[in-house]
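First the structure, in the form of structure tokens, and then the observations on it.
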Amino acid sequence: MNIEQYQSYYQHFADYRVDKLKLLQESGVEVYPERFSVTHTLQEAFHLEDGTTPVRLAGRVLSVRKMGKITFGHLQDLQGKLQFVLKKNTLVDQYDFFHKTVDIGDFLGVEGEMFTTNSGERSLQVESYTFLGKALREMPEKWHGLADQELRYRQRYLDLISNEESRRVFLMRSRMLSAIRRFLESRGFLEVETPILTNKASGALATPFLTHHKALDIDVYLRIAPETYLKRLIVGGFQHVFEVSRCFRNEGISPVHLQDFTMIEGYSAFFNYRDNMKMLREMILAILQELFKSTTISIGDKEIDFSQEWPVVSFRELILKDTGIDIDEYENGAALLQAIRDKGIRLEHESLESLGKGNLIDQLYKKVSRPFMISPVFLTCHPIDLSPLARRNDVNEQIVDRFQLVVNGAEIINAYSELVDPVDQRIRLESQAQLRTQGDAEAMPLDEEYLKSMEYGMPPISGWGMGIDRLLQVLLNLENIRDGVLFPLMRPIEEDQA
RNA sequence: GGGUCAUUAGCUCAGCUGGUAGAGCAGCUGACUCUUAAUCAGCCUGUCCGGGGUUCGAAUCCCUGAUGGCCCA
């Protein structure tokens, strides 16, 4: 490939960089070589003793400071950076060639000896270097980094190159997932994968994405939750099972909502929701230890010590405390709505009158209680019509054996004792199907295949789901949930603007 | 979907009541063998988001569209 044939294409690039590219090629340098072997990462090299040699390192050129016959610069990778030093009397012609051809942003391999500069910085004295890749576009500004929120989402690689904080967030995300996997595996969980393309969007109350399967000529849905498949695995004999599950919900965008997000769900045979409360508390503490080496973190302007007891409160207690309304005193949605209005509480919802009692309680809770729940709380005793797959409470048939973990106004975990009685399940799903025909797009469809599996016999089960993106957002204080997602979906920009 | 704020050089940002666009970084030239936001001297950089309008004159005012942030639904 030569530059002349792609003249118009090369116009997208910085002229001076294209000139350097030409010079490299004319000088016979392989600009995009096949490989380079390193002896250490930049971080490892930083801790080597002075005099260690040969040390071979690679990274992106972050800065270059030429002082005449000596040049200082930094190489950077995801986890660290290291200063390198070039001397003219060591490199001779290569020294001048470096300055004629290397730009900030290029990839470079260096070989030499570790030493400490007069000002005390661990550095590599370069004896030879290898060109590892030319950057034809200019890097973001070195001091402020990339500040434009839109560009940080669209071109995450630039954000990662130029913003330390962003690198930290995504390293944390990886470590969080790894800590979760280690925790669950230590508890005997097996990791599985279940379908994303499904015939029925069940397992949660949400609007699915619809697509078409050509070969079968059927419409299929992207899963909104892996729940019903994971429970089928319990029927099949798995005892503890979990999935790191990308799920898709075709709903509004907001700083706390993604349409394509990651949820981890886990199911345990013979557990009830209380067992999961205990286990998941330990899991969250394990995550905090891994990420922060501490169980106390600051959220907003508050210090929260997660090692303290996490109170368990019911919907009824919570709402009674926050509003003075006892939800058990009202027969139906209409009566409760009147009580809410009598208290002067204004709920924002398109059609409050058509909401059932359960949904109304949910709206009320989101308005008066949830935003103020900062330190961890287990919320329990959810209304039954909000939880079509959860086990009915043995004493109070209006509620289910369920809990949510709320931290900083966000539901981090949702868990319950599973409904395993196929007869009750059929009745509950039929009432959901009824809601669907009345136009509730979020109501759950009747899933015969799932019901059939249940008819073959399910043991007691408790399952849970944890939103990974939301958890990361809460723990790291991210303003927008997309700050913790590497490549959030954006509306495409016009070709000629790129 | 509604409100609101934003969009100016590759990046970070100034640009007042309308008078024809500027700084830093990056880049180029030169000086410099311990710098690290290197420094010093000089130079270069524009579809002021797009389209209309008002005006002698628009980055600036008005309308409209695009994209994004935030608030609300």
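A note on names: the letters A, B, ... follow the listed sequences, proteins ahead of strands, and every chain is numbered from 1.
- Side-chain contact between A:Leu379 and A:Glu411: absent, with no pair of heavy atoms (C-beta onward) separated by less than 4.5 Å.
- With centroids closer than 5.5 Å and planes inclined by less than 30 degrees as the test, A:Tyr16 and the base of B:G27 fail to qualify as a stacked pair.
- A:Lys88 has its NZ atom 16 Å from the P atom of B:C34, to the nearest Å.
- Aromatic ring centres of A:Tyr10 and A:Phe13: separated by under 6.0 Å.
- Nucleotide B:C25 holds its P atom 16 Å from the CG atom of A:Leu62, rounded to whole Å.
- The side chain of A:Glu150 approaches B:G68 more closely than any other nucleotide in the set B:G68, B:U33, B:U36.
- Comparing the C1' positions of B:A59 and B:C71 gives a spacing of 28 Å, expressed to the nearest Å.
- Between A:Phe292 and A:Leu476 the shortest side-chain heavy-atom distance falls below 4.5 Å.
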Item checked: A:Asp159 and A:Gln155: CA distance, side-chain angles, deciding distance, side chain to side chain donor-acceptor pair (under 3.5 Å) verdict -> CA-CA 7 Å; A:Asp159 180 37; A:Gln155 294 176 269; over 6 Å; no

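- Base contact: A:Lys66 has a heavy atom under 4.0 Å from a base atom.
- Between the P atom of B:G27 and the NZ atom of A:Lys100 lies a distance of 17 Å, rounded to the nearest Å.
- Looking at A:Thr117, its side chain comes within 3.5 Å of the base of B:U35 through a donor and an acceptor atom.
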Check: Reading RNA chain B 5' to 3', how would its secondary structure be written in dot-bracket notation, given Watson-Crick and G-U pairs with both distances under 3.5 Å, brackets [ ] for crossing pairs and | for partners on other strands?
Finding: (((((((..((((.....[..)))).(((((.......))))).....(((((..]....)))))))))))).

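- Which of B:C32, B:U36, B:A26 sits closest to the side chain of A:Met67 comes down to B:C32.
- Separating the C1' atom of B:G18 from that of B:A23 is a span of 23 Å, rounded to the nearest Å.
- Residue contacts for A:Lys81: at a heavy-atom cut-off of 4.0 Å it reaches no nucleic acid atom on any strand shown.
- Residue A:Ala14 is classed as having no contact, given no heavy-atom separation below 4.0 Å to the nucleic acid.
- Taking the side chain as every heavy atom from C-beta outward, A:Asp103 and A:Met139 never approach each other to under 4.5 Å.
- Following rounding to the nearest Å, A:Glu479 (CD) and B:C71 (P) show an atom-to-atom distance of 9 Å.
- Nearer to the 5' terminus of RNA chain B, by closest-nucleotide assignment, is the contact made by A:Asp103 (compared with the other of A:Trp143 and A:Asp103).
- In this structure, A:Arg152 places its CZ atom 13 Å from C1' of B:U12, rounding to the nearest Å.
- No N or O donor and acceptor, one from the side chain of A:Ser63 and one from the base of B:U36, sit under 3.5 Å apart.
- Of the candidate nucleotides B:C34, B:C71, B:U33, B:C34 has the atom lying nearest to any side-chain atom of A:Phe115.
- Using a 4.0 Å heavy-atom cutoff across all strands shown, A:Gly145 reaches sugar-phosphate atoms only and no base atom.
- Relative to the side chain of A:Glu121, the nucleotides B:U33, B:A26, B:U35 differ in distance, and B:U35 lies closest.
- Ranking B:U33, B:A37, B:C11 by closeness to the A:Glu141 side chain, first place goes to B:C11.
- With a 4.5 Å cut-off on side-chain heavy atoms, A:Ser294 and A:Leu288 do not count as touching.
- For the P atom pair drawn from B:A31 and B:C11, the interatomic distance equals 32 Å after rounding to whole Å.
- Residue A:Arg491 places at least one side-chain N or O closer than 4.0 Å to OP1 or OP2 of B:U67.
- Evaluation of atom-type donor-acceptor distances gives no pair under 3.5 Å for the side chain of A:Thr71 against the base of B:U35.
- Comparing the C1' positions of B:U60 and B:C16 gives an interatomic distance of 10 Å, to the nearest angstrom.
- The distance from atom CD of A:Gln149 to atom P of B:G68 is 12 Å, rounded to the nearest whole Å.
- When the P atom is compared between B:C5 and B:G46, the two are found 32 Å apart, to the nearest whole Å.
- For A:His144, counting side-chain heavy atoms from C-beta on, the closest listed nucleotide (B:U33, B:U12, B:C28) is B:U12.
- Rounded to a whole angstrom, the distance from the C1' atom of B:C61 to that of B:U67 is 23 Å.
- Classified by interplanar angle (parallel below 30°, tilted 30° to 60°, perpendicular above 60°), the ring pair A:Phe378/A:Trp310 is tilted.
- Closest to the side chain of A:Leu146, from the set B:G68, B:C13, B:C11, is B:C11.
- Following rounding to the nearest Å, A:Ile253 (CD1) and B:C71 (P) show an atom-to-atom distance of 14 Å.
- Nucleotides B:C25 and B:G42 are separated by 13 Å at their P atoms, to the nearest Å.
- Judged by a 6.0 Å distance limit and a 45° cone about the ring axis, A:Arg249 is not positioned over the six-membered ring of A:Phe261.
- Here CD1 of A:Ile327 is found 6.0 Å from NZ of A:Lys357. Values are rounded to the nearest 0.5 Å.
- Residue A:Asn118 places no side-chain N or O under 4.0 Å from the OP1 or OP2 atom of B:U35.
- Comparing the P positions of B:A9 and B:G51 gives an interatomic distance of 16 Å, to the nearest angstrom.
- Residue A:Ala147 is the one, among A:His74 and A:Ala147, whose nearest nucleotide of RNA chain B lies closer to the 5' end (criterion: closest heavy atom).
- Side chain A:Asp148 to base B:U7: no donor-acceptor pair is found below 3.5 Å.
- Looking at A:Arg152 and A:Asp483, no side-chain N of the basic residue comes within less than 4.0 Å of a carboxylate O on the acidic one, giving no salt bridge.
- Atom CD of A:Gln83 and atom C1' of B:U33 are 13 Å apart (whole Å).
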